[in-house]
2 protein chains.
Amino acid sequence: MNSTAPTTAPAPGPELLMEQLAHAAACYYRSFAVVAGGQGLTLIQGKLLSLLSRPMPMRALAELLGCDASNVTGLVDRLEARGLLRREPDPADRRVKTVLLTPEGEVAVRRIRAEITAGLPGLEQLGDAERRSLSELLGRAFPHGAGA
Amino acid sequence: MNSTAPTTAPAPGPELLMEQLAHAAACYYRSFAVVAGGQGLTLIQGKLLSLLSRPMPMRALAELLGCDASNVTGLVDRLEARGLLRREPDPADRRVKTVLLTPEGEVAVRRIRAEITAGLPGLEQLGDAERRSLSELLGRAFPHGAGA
DNA sequence: CCGATTACTTGACATCCTCAATCATCGAGG
DNA sequence: CCTCGATGATTGAGGATGTCAAGTAATCGG
């Protein structure tokens with residue numbers, strides 16, 4: 001708040017930042033789990049569905065989820081049994097099965113997105129400049145394709 | 001980068017922010033899982049251990065982890081079998097069992113913290129002013145005691 | 001055509017997680 | 001003191017998640 005002194009704040013170390021980041025991540029995933037649970041889905045099922053904004057092969061899902069490919073088989077099995085997504089053979093490579101959302105699945109994803117945004121009111125309280133700043137800092141600290 | 005126009009950036013909507021936040025959270029938890037896995041621990045086991053900076057009853061752990069109390073029984077069972085923590089009866093209330101880290105457990109927690117910080121290099125690349133800014137924005141968007 | 005690699009599946013097995021039920025203990029009211 | 005309701009922890013059943021090893025099918029490079 002003091003704009004005259006050169007040291008406006010004690011300068012947070014990486015440890016404190018990590019703790020805040022952990023808190024933010026926990027809030028996000030907790031909200032996600034609650035919202036997904038409201039539709040009879042687990043957190044990981046909701047996450048898988050929300051990755052399918054465009055169709056992709058099982059292998060890509062496994063990498064994005066950071067888990068074994070055999071695990072994705074079971075996840076997709078259960079979601080396919082509920083009619084939220086389906087497998088489609090890839091004509092270019094018959095080993096590959098492309099996974100895509102059904103209309104029901106799209107509805108579920110839209111509902112999840114909407115409810116999560118509503119469940120994290122802190123993000124909406126930020127002003128335009130603050131959102132720009134946060135977006136830019138997050139993009140810098142977690143560049144796409146890094147650590148993932 | 002253009003400081004003359006009033007609209008310096010397109011102003012990121014809450015949806016984009018959410019996506020970036022999801023990415024940041026995923027990076028954090030992926031790093032956490034990798035680091036914990038390096039010590040033969042699962043993500044949730046590492047999380048439980050890192051909550052024990054001071055001893056607390058099983059019930060408190062269940063609430064912090066956001067899971068059923070019966071689940072904590074199993075988690076603590078396995079970690080106790082490895083000698084990373086132990087149960088201690090509470091003399092004031094004999095229903096309560098206080099959980100605390102063993103020296104080995106403290107070593108494990110310190111190692112996890114150190115490796116996670118090292119595994120998220122993006123945070124260290126930020127300058128002092130940027131860290132202050134990020135810390136303040138995160139603190140505003142995810143106030144303590146909210147959503148958790 | 002052959003061998004190596006890749007995509008997906010299967011089966012075995014450990015862990016995570018919730019629910020319902022149980023036991024022991026605490027606290028308040030008779 | 002003694003019962004009654006509430007609370008902390010555990011147990012057992014059952015489903016979901018996750019890894020690993022093995023197997024099948026298809027692609028790719030020689």
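Fair warning: this is a prediction, and the values are worked out from it, not measured in the lab. Every chain is numbered from 1, with letters handed out A, B, ... down the list of sequences.
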Roughly how many Å is it from CG in N71(A) to P in dG11(C), rounded to a whole number? 16 Å

Which heavy-atom pair separates L123(B) from L17(A) by the least distance, and what is that distance? CD2-CD1, 4.3 Å

Nucleotide nearest R59(A) (side chain, heavy atoms from C-beta), chosen from dC16(C), dA7(C), dT9(C): dA7(C)

Against E80(B), only a single residue in R87(B), R86(B), K97(B) fulfils salt bridge (charged side-chain N to carboxylate O under 4.0 Å, His left out); can you say which? R87(B)

Check: dC8(C) base within 3.5 Å donor-acceptor of S70(A) side chain: no

So how far is it from M18(A) CE to S31(B) OG, rounded to the nearest 0.5 Å? 8.0 Å

dist R30(A):CZ -> L65(B):CG (nearest 0.5 Å) comes out at 8.5 Å

Could you list the protein-to-nucleotides 24-28 of chain C atom pairs, N/O on both sides, closer than 3.5 Å?
| from | atom 1 | to | atom 2 | distance (Å) |
| --- | --- | --- | --- | --- |
| dT25(C) | O2 | R95(B) | NH1 | 3.3 |
| dC26(C) | OP1 | R94(B) | N | 3.1 |
| dC26(C) | OP2 | R94(B) | NH2 | 3.4 |

Tell me: CG of L61(A) to P of dT9(C), nearest whole Å? 11 Å

List the atom pairs, donor and acceptor, that lie under 3.5 Å between side-chain atoms in residues 41-59 of chain A and the rest of the protein, sequence neighbours left out.
| from | atom 1 | to | atom 2 | distance (Å) |
| --- | --- | --- | --- | --- |
| T42(A) | OG1 | Q45(A) | N | 3.3 |
| Q45(A) | OE1 | T42(A) | N | 3.0 |
| K47(A) | NZ | Y29(A) | OH | 3.1 |
| S50(A) | OG | G46(A) | O | 3.1 |
| S50(A) | OG | K47(A) | O | 2.9 |

With the side chain counted from C-beta on, respond yes when R140(A) and Q125(B) share a heavy-atom pair under 4.5 Å apart, and no when they do not. no

With nearest nucleotide decided by heavy atoms, which residue, R82(A) or V72(B), maps closer to the 5′ end of DNA chain D? V72(B)

How long is the span from the CG atom in L120(A) to the CZ atom in F32(A), to the nearest 0.5 Å? 11.0 Å

L16(A) side, atom CG; Q20(A) side, atom CD - distance, nearest 0.5 Å: 4.5 Å

From the 5' end of DNA chain D to its 3' end, which nucleotides mark the outer limits of contact with chain A, defined by a 4.0 Å heavy-atom distance cut-off (strictly under)? dA16(D) to dT27(D)

What is the distance, rounded to the nearest whole Å, between atom CG of L75(A) and atom P of dC8(C)? 14 Å

